[in-house]
Amino acid sequence: MSTIIREATEEDIFDVLILAKEFSKEAPSTHTWDKNKTEAFLNSALLNDNMVLFVLEVDGEIVGSILGFVIEVYMSHKVQSTELAWFITKEYRGKPSSIRLVKAFEKWSIDKGANQIGMGDIEGISNLEHLYTRMGYKKAESVYIKEI
C-alpha cells in the first residue's frame, strides 16, 4: 500500500470536495454543505501563504485532508496555527497515516513560526480527546453554537 501526504494542488480540489461533502453528512447540522462556497474557499487557500491544505493519498486515492491557517494572536505575540477542517474517510480513521497527516500540519505550523497549534473536535463525528491528549495537546476551550 502506497501512502503519501502532500500539499494539495488544484487537481485535488474535486477529491477534497467529495471529502467535505462526506464530512457534512456526518457533522451536526451546524456544518451544512455548500459546494460552491467550499470550492471557492479551498481554491483561495491554495493561493494564501498563511494557509495550507494537505491531502492523504492511499494508492492514488485521496482519503483524507487537513486545512489550516497561521496567524498572530490578537492579544499577544504568540503565533497560532489552527486547523479548520480535518477529515479522514471511515476506513482510514485511527490508522497511522491519519496521525501523519496531523504531523505534516504540525511541521508546516512550526515552519511558519507558530508557537501553538489549535485542533478541533466536532461533536457527533469522533471523540478525538484521547488522540489529541496522546499527541501532547491540552483542552483549552469549548465552542457553543446558537442558531439565530
Side-chain angles (χ1 to χ4, degrees), residues 2-24 26-28 30-58 61-90 92-146:
S2 167
T3 303
I4 299 169
I5 295 171
R6 59 178 173 76
E7 285 195 45
T9 65
E10 283 183 53
E11 291 78 31
D12 299 319
I13 296 298
F14 178 78
D15 292 319
V16 176
L17 280 171
I18 291 170
L19 289 174
K21 186 172 184 179
E22 191 177 327
F23 163 82
S24 72
E26 289 186 51
T30 53
H31 293 72
T32 58
W33 166 251
D34 182 308
K35 178 197 173 288
N36 294 331
K37 169 73 172 158
T38 307
E39 185 173 20
F41 190 83
L42 291 172
N43 279 313
S44 71
L46 294 180
L47 302 174
N48 186 331
D49 287 339
N50 290 324
M51 295 186 79
V52 70
L53 174 61
F54 284 105
V55 293
L56 167 60
E57 186 180 307
V58 177
E61 180 182 347
I62 293 176
V63 298
S65 66
I66 190 167
L67 171 68
F69 70 97
V70 65
I71 191 168
E72 188 172 303
V73 177
Y74 78 96
M75 62 187 164
S76 72
H77 296 284
K78 292 232 180 218
V79 175
Q80 182 171 349
S81 183
T82 301
E83 165 265 327
L84 293 171
W86 176 36
F87 187 75
I88 308 286
T89 58
K90 284 183 181 181
Y92 292 94
R93 291 181 194 163
K95 303 217 187 247
S97 55
S98 59
I99 303 299
R100 287 183 42 227
L101 190 58
V102 174
K103 294 283 188 188
F105 179 62
E106 288 178 345
K107 182 183 180 324
W108 176 86
S109 300
I110 291 166
D111 291 348
K112 287 293 191 177
N115 308 99
Q116 47 188 215
I117 300 171
M119 297 291 291
D121 186 5
I122 296 174
E123 292 288 323
I125 296 181
S126 294
N127 183 338
L128 299 172
E129 185 173 5
H130 178 71
L131 171 69
Y132 287 148
T133 302
R134 203 174 74 224
M135 293 182 72
Y137 291 84
K138 295 180 208 162
K139 188 172 185 176
E141 65 181 48
S142 295
V143 175
Y144 297 86
I145 295 177
K146 177 181 177 180

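Between Ile71 and Phe69, some side-chain heavy-atom pair lies under the 4.5 Å cut-off. Considering only heavy atoms from C-beta on, Gln116 comes within 4.5 Å of Val73 through its side chain. No side-chain heavy atom of Val70 sits under 4.5 Å from any side-chain heavy atom of Ser109. With a 4.5 Å cut-off on side-chain heavy atoms, Phe41 and Asp34 do not count as touching. Under the 4.5 Å side-chain criterion, counting only non-hydrogen atoms from C-beta, Ile99 is in contact with Met135. Using a 4.5 Å heavy-atom threshold, the side chains of Arg6 and Phe54 count as separate.
Judged purely by atom type and a 3.5 angstrom limit, Asp12 uses its side chain to pair as donor or acceptor with the backbone of Thr9. The main-chain N or O of Ser44 is never found under 3.5 Å from a side-chain atom of Asn48 such that the two would form a donor-acceptor pair. A donor-acceptor pair under 3.5 Å links the side-chain atoms of Lys112 to the main chain of Asp49, judged by distance alone. A donor-acceptor distance shorter than 3.5 angstrom exists from the side chain of Glu83 to the backbone of Gly120, with no hydrogens or angles considered.
The distance from the OH atom of Tyr92 to the CG atom of Leu101 is 14.0 Å, given to the nearest 0.5 Å. For the atom pair Leu56 CG and Ser98 OG, the distance stands at 7.5 Å (nearest 0.5 Å). The distance from the CZ atom of Phe23 to the CD1 atom of Ile88 is 12.5 Å, given to the nearest 0.5 Å. How far CG of Asn36 is from CG of Leu17: 9.0 Å, rounded to the nearest 0.5 Å. With values rounded to the nearest 0.5 angstrom, Lys103 atom NZ is found 12.0 Å from Ile66 atom CD1. Atoms CZ and CG, on Phe14 and Leu42 in that order, are 13.0 Å from each other to the nearest 0.5 Å.
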Open item on the list: Apply side-chain contact (heavy atoms from CB on, under 4.5 Å) to residues Leu46 and Glu10 and explain how you reach the verdict.
Closed with: CA-CA 8 Å; Leu46 294 180; Glu10 283 183 53; 4.0 Å; yes
Task: side-chain contact (heavy atoms from CB on, under 4.5 Å) assessment of Val52 paired with Leu67 - done: CA-CA 6 Å; Val52 70; Leu67 171 68; over 6 Å; no
Task: side-chain contact (heavy atoms from CB on, under 4.5 Å) between Ile5 and Val55, worked out - done: CA-CA 6 Å; Ile5 295 171; Val55 293; over 6 Å; no
TODO: Kindly indicate, with the supporting measurements, whether the criterion side-chain contact (heavy atoms from CB on, under 4.5 Å) is fulfilled by Thr82 and Met119.
DONE: CA-CA 6 Å; Thr82 301; Met119 297 291 291; over 6 Å; no
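In summary, Glu72 and Lys78 do not engage in a salt bridge, as defined by a charged side-chain N under 4.0 Å from a carboxylate O.
The aromatic rings of Tyr132 and Trp86 are tilted relative to each other, their planes meeting at an angle between 30° and 60°.
The heavy-atom pair separating Ile117 from Phe105 by the smallest distance is CG2-CE2, 3.8 Å. In plain terms, the two heavy atoms of Ser65 and Leu53 that are nearest each other are CB-CD1, 4.1 Å.
Exactly one of Val63, Asp15, Ile4 qualifies for a side chain to side chain contact (heavy atoms under 4.5 Å, CB included) with Glu57. That residue is Ile4.
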